[in-house]
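Report on one structure; see the data block that follows.
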Number of protein chains: 2
Amino acid sequence: MNQTHPDMPTPAPGADRLPPLPVTVDTVILTVLEGRLQVVLVKRLDEPFAGQWALPGGFVHPTESLESAARRELEEATGAGDVYLEQLYTFGAPDRDTRGRVVSVAYFALVAADRCPLTPHRLEAEAHWFWVKQLPTMAFDHLDMLQVALQRVRTKLEYTTLGFQLMPETFTLQELQKTYEIILDRELDKRNFRRRLKLLDLVEAVGAKRAEGPGRPAELYRFKDVDFFHLREKGFFLPF
Amino acid sequence: MNQTHPDMPTPAPGADRLPPLPVTVDTVILTVLEGRLQVVLVKRLDEPFAGQWALPGGFVHPTESLESAARRELEEATGAGDVYLEQLYTFGAPDRDTRGRVVSVAYFALVAADRCPLTPHRLEAEAHWFWVKQLPTMAFDHLDMLQVALQRVRTKLEYTTLGFQLMPETFTLQELQKTYEIILDRELDKRNFRRRLKLLDLVEAVGAKRAEGPGRPAELYRFKDVDFFHLREKGFFLPF
DNA sequence: CCTAGATAGTGTCTCAGTGACACTTATGCA
DNA sequence: TGCATAAGTGTCACTGAGACACTATCTAGG
């Protein structure tokens, strides 16, 4: 129990009362694509769970922070690095990895469809977007992680500006509402949705319109620099 | 980078692409005692930060879950094991421990003043309750952990039954309100507080009264078995 | 035993935010 | 030019929250 590890490469020369544990990060990368909430899964090449789908993840390097590790995984899987990333929860059940004890810190990322020009085939061969309502069997406890991520996103969408992360520079209010509906998995009332946007003073018209087929063209909007104190009075916050 | 660790005691024989990291848990143990929100800190005997105050914590054993480890620390520090415990956040900055890389999973616990008969001196010599508004210098990033815990508790107190955890079997509404006020660090309106309790149907009178000095004696209450669906309709939840 | 002091307990009004709901406006295309 | 399509807009009713003051019941001391 109290042995030391003379060949241990970097970590904690003094913190040797107990064996160190492998630490990984796994990242739940979400986007709205083709009208659906989708998550990136990669096909595992190695045992355990070889051939099964898993969240992109990997070991934490000795010199990088947990968030850096998650961001590295994010970039490796999607090419996009400058996106919203938040720590979710840490999974450490002793039997969660059949190889032995592995502790995994789960993160979730929201990438805007237009900042992430990758469609499934642009990811490395074994990575794909999956609709969260139609998932393959997933390795480890990764389904739990996804579940936690979905709950977190849905909750924070309601009282933070988290939804901004998924929109392009300019957008129509209809598109914004659609994005919210897709994530929350329920329909919203157009007028109530807009009333709230106005109350919170979140968006401003850019002064241009976009015509998309027949029908009245839609005003284009962008997000305003938010007034944090005004938002807080209304029970609304920034995502972090 | 790809070396293996033949003498590694238990964890992950296959997960050896990167060196394992020491993993600890640190537990923010909160209670309301003597009219103040208090936290347990222990005096460190070893370097680094020897002589400074820190949250109770320690290394995760290879065979126990993270929560078990946190609960073990909790019992060691206070003697009470059957209390509310929730994972907070994981701290993994590469330089957070001067000895080297250590990843720490922070938990917070709420112990009822009556379930934890320990006053400062009943804890082991180097452990004390501290008022959260009058703290000593704390080791590592433990002040950050405490901050996160306080924010979490205050938020969840408002929309969950978390506050139950801190009350004895029976209590007066005044005591309950006082507990809320101490945690939230602001005064509440007596009538509005009681209106909300009634609306949510959270408590019931036990039919006894308690006289405490002069003044009209107070009704004693206990928490009801909550109707989860009724609560959810009112935007109220269980703590987990 | 009566009174003063102390604490418990209770109801109303106003305001803000939310959900439900239907018609008018502006465009494209046949 | 008119028809199909999508964008945009206002009201009413309800609920929950904050602000606010008096009555009821007990203890203790004269």
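Within every chain, numbering begins at 1; the chains are lettered A, B, ... in the order of the sequence lines, protein sequences first and strands thereafter.
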key: Heavy-atom donor-acceptor pair, B/R191 side-chain to D/dA21 base, under 3.5 Å   = yes

message = Please report the distance, rounded to the nearest Å, between CZ in B/F193 and P in C/dG9.
response = 12 Å

ask   = So does A/K234 reach the base of C/dG17 with its side chain, donor to acceptor, closer than 3.5 Å?
value = no

key: Check: A/F223 ring centre within less than 6.0 Å of A/F171 ring centre   = yes

note = B/H230 NE2 to D/dT15 P, in whole Å, measures 12 Å

key: B/Q151 atom CD, over 12 foreign heavy atoms within 6.0 Å   = no

request  = For C/dG17, take OP1 and OP2 only and decide whether either is under 4.0 Å from a side-chain N or O of A/R196.
outcome  = no

key: A/E219 side chain to A/Y221 side chain, donor-acceptor N/O pair below 3.5 angstrom   = no

key: Between P of D/dA6 and CG of A/L220, the distance in whole Å   = 17 Å

message = Ignoring hydrogens and geometry beyond distance, is the side chain of A/R216 in donor-acceptor contact with the base of C/dG28 at under 3.5 Å?
response = no

Position toward the 5' end of DNA chain C (nearest nucleotide), B/K209 or A/E233 = B/K209

query = Do B/Q177 side-chain atoms and B/L188 backbone N/O form a donor-acceptor pair below 3.5 Å?
reply = yes

ask   = Could a donor-acceptor pair under 3.5 angstrom be found where the side chain of B/N192 meets the base of D/dA19?
value = yes

query = Could you state the CG-P distance from B/L199 to D/dA17, rounded to the nearest angstrom?
reply = 7 Å

task = Select from A/P214 and A/R186 the residue whose nearest nucleotide in DNA chain C is closer to the 5' end of that strand.
result = A/R186

query = Are more than 12 heavy atoms from other residues, nucleotides or ligands located less than 6.0 Å from atom CD of A/E169?
reply = no

task = Give A/E212 one of three labels, base, sugar-phosphate or nothing, depending on what nucleic acid heavy atoms sit under 4.0 Å from its own.
result = nothing

message = Nearest whole Å is fine: how far is C/dC23 C1' from A/D189 CG?
response = 14 Å

query = A/R194 CZ to C/dC21 P: how many Å, rounded?
reply = 19 Å

ask   = Nearest to the side chain of A/R195, which nucleotide is it out of D/dG8, D/dT5, C/dA20?
value = C/dA20

inquiry  = Could you tell me how far apart B/L176 (CG) and C/dA8 (P) are, to the nearest whole angstrom?
reply    = 13 Å

query = Counting side-chain heavy atoms from CB outward, which of C/dC21, C/dG5, C/dT27 is closest to A/P217?
reply = C/dT27

message = Distance check needed: D/dA6 P versus A/E219 CD, whole Å only.
response = 18 Å

